[in-house]
Amino acid sequence: MIDNNEAETAALLDAFSQQISAIAEVAQKRALLTGTGFTSDRRVIVTVNADGAVIETKFSSDIDELTYDEIAKGVTTAAQRALEDVGRQSQELMQPVTDQRATMPKLHELLDNLPDLDSQAPTLPTASLAPPNSPERTSTEEAAPTFDDAEDHARWTAERRTGVTDSGW
């Protein structure tokens, strides 16, 4: 545990303040990002913003040689590739902040008896790219997140009750 002296507290608060400033700066830069994706023949080009919203779709001059189904598939493929592109850019932009955060103490390292909450967070599944009504989306078995090492909150709290706020007073 960290000794709670003024110099260490001031250094920790300064590092936290710098981290918040860096996050705000990255957020501003991220808002300006765009990602572009295209079909292998470059007949369809889609551009998305940082949130994944399509902001531009372009077709080549020979798009009329494709069927409607081929165009629809091309737009879907290009949009997915554009989202991958902007996601990669966002991750690269955020990497310095992530690296800095990894060097900072975790909350459970600063406070006695606090469990490591990060290790208990569930892993979110990757969203499906399958079209609506596809077998992947119509599965009757919904996968629920699992928490293999989670503690029962009531038991955890009861084990740590001490002092004048303890219900045994």
Side-chain angles (χ1 to χ4, degrees), residues 11-111 114-151 153:
L12 186 60
L13 289 175
D14 184 53
F16 179 75
S17 178
Q18 289 176 10
Q19 183 79 0
I20 294 299
S21 295
I23 291 169
E25 183 179 330
V26 166
Q28 290 295 319
K29 290 179 181 178
R30 181 192 166 277
L32 301 175
L33 290 180
T34 61
T36 301
F38 43 85
T39 55
S40 57
D41 60 6
R42 294 192 180 258
R43 286 183 170 171
V44 179
I45 301 172
V46 173
T47 303
V48 298
N49 68 12
D51 293 329
V54 174
I55 57 174
E56 184 175 61
T57 304
K58 292 183 179 181
F59 299 123
S60 67
S61 59
D62 62 347
I63 194 74
D64 59 347
E65 296 174 8
L66 299 176
T67 66
Y68 289 129
D69 285 344
E70 291 170 326
I71 293 171
K73 185 177 179 182
V75 169
T76 300
T77 298
Q80 289 172 348
R81 289 177 179 169
L83 186 59
E84 288 173 8
D85 180 39
V86 80
R88 179 192 49 75
Q89 291 179 59
S90 292
Q91 189 172 11
E92 288 173 3
L93 188 63
M94 190 66 180
Q95 194 59 52
V97 174
T98 302
D99 292 345
Q100 174 63 26
R101 180 177 178 228
T103 67
M104 296 179 71
K106 307 293 183 253
L107 194 56
H108 73 275
E109 296 170 343
L110 300 174
L111 301 174
L114 186 68
D116 179 4
L117 300 176
D118 288 338
S119 69
Q120 295 181 19
T123 302
L124 298 177
T126 303
S128 172
L129 296 178
N133 300 319
S134 67
E136 183 179 322
R137 290 197 176 273
T138 57
S139 171
T140 56
E141 294 182 28
E142 293 292 323
T146 59
F147 305 92
D148 296 331
D149 60 350
E151 293 187 38
H153 182 265

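Just so you know, these numbers come straight off a predicted model, no measurement behind them. Any value given below was found using the heavy atoms of this structure, including those in side chains, with hydrogens, waters and symmetry copies removed.
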Listed partners of Phe59 passing side-chain contact (heavy atoms from CB on, under 4.5 Å), at least two apart
Val44, Thr57, Ile63, Ile71, Val75

Qualifying residues under side-chain contact (heavy atoms from CB on, under 4.5 Å), relative to Ala130, sequence neighbours excluded
Ser128, Ser134, Glu136, Arg137

Look up atom [atom1] in [X] and atom [atom2] in [Y], then write down how far apart they are to the nearest 0.5 Å.
X: Thr98; Y: Ile23; atom1: OG1; atom2: CD1; value: 8.5 Å
X: Thr39; Y: Ile45; atom1: OG1; atom2: CD1; value: 7.5 Å
X: Thr47; Y: Glu56; atom1: OG1; atom2: CD; value: 5.0 Å
X: Arg88; Y: Leu33; atom1: CZ; atom2: CG; value: 9.5 Å
X: Asp41; Y: Asp62; atom1: CG; atom2: CG; value: 7.5 Å

Can you confirm whether Arg43 sits close enough to Glu65 that some side-chain heavy atom of one is under 4.5 Å from a side-chain heavy atom of the other?
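With C-beta onward as the side chain, the pair touches.
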
Crowding at CD, Gln91 (>12 non-hydrogen neighbours, <6.0 Å)
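No, CD of Gln91 has 12 or fewer neighbouring heavy atoms, counting only those of other groups under 6.0 Å.
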
What do you reckon, is CG of Asp64 surrounded by more than 12 foreign heavy atoms closer than 6.0 Å?
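Counting neighbours around CG of Asp64, more than 12 heavy atoms of other residues, nucleotides or ligands fall under 6.0 Å, so yes.
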
After noting the C-alpha distance and the side-chain angles of Gln120 and Asp116, does the key distance pass the side chain to side chain donor-acceptor pair (under 3.5 Å) rule?
CA-CA 7 Å; Gln120 295 181 19; Asp116 179 4; over 6 Å; no

Return each pair, listed once, that meets side chain to side chain donor-acceptor pair (under 3.5 Å) where at least one residue sits in residues 15-30; pairs must be two or more places apart or across chains.
Asp14-Gln18, Glu25-Lys29, Arg30-Asp51

What is the minimum heavy-atom distance between [X] and [Y], and which atoms define it?
X: Val46; Y: Ala78; value: CG2-CB, 3.6 Å
X: Pro105; Y: Leu12; value: CG-CD1, 3.5 Å
X: Ala82; Y: Gly37; value: CB-N, 3.4 Å

Will you find, in the side chains of Asp85 and Gln89, an N or O donor that is under 3.5 Å from an N or O acceptor?
yes

Just by distance, no angles: are the side chains of Thr67 and Asp69 close enough, under 3.5 Å, to form a donor-acceptor pair?
no

Strictly distance-based, threshold 3.5 Å: is any side-chain N or O of Thr103 a donor or acceptor partner for the main-chain N or O of Gln100?
yes

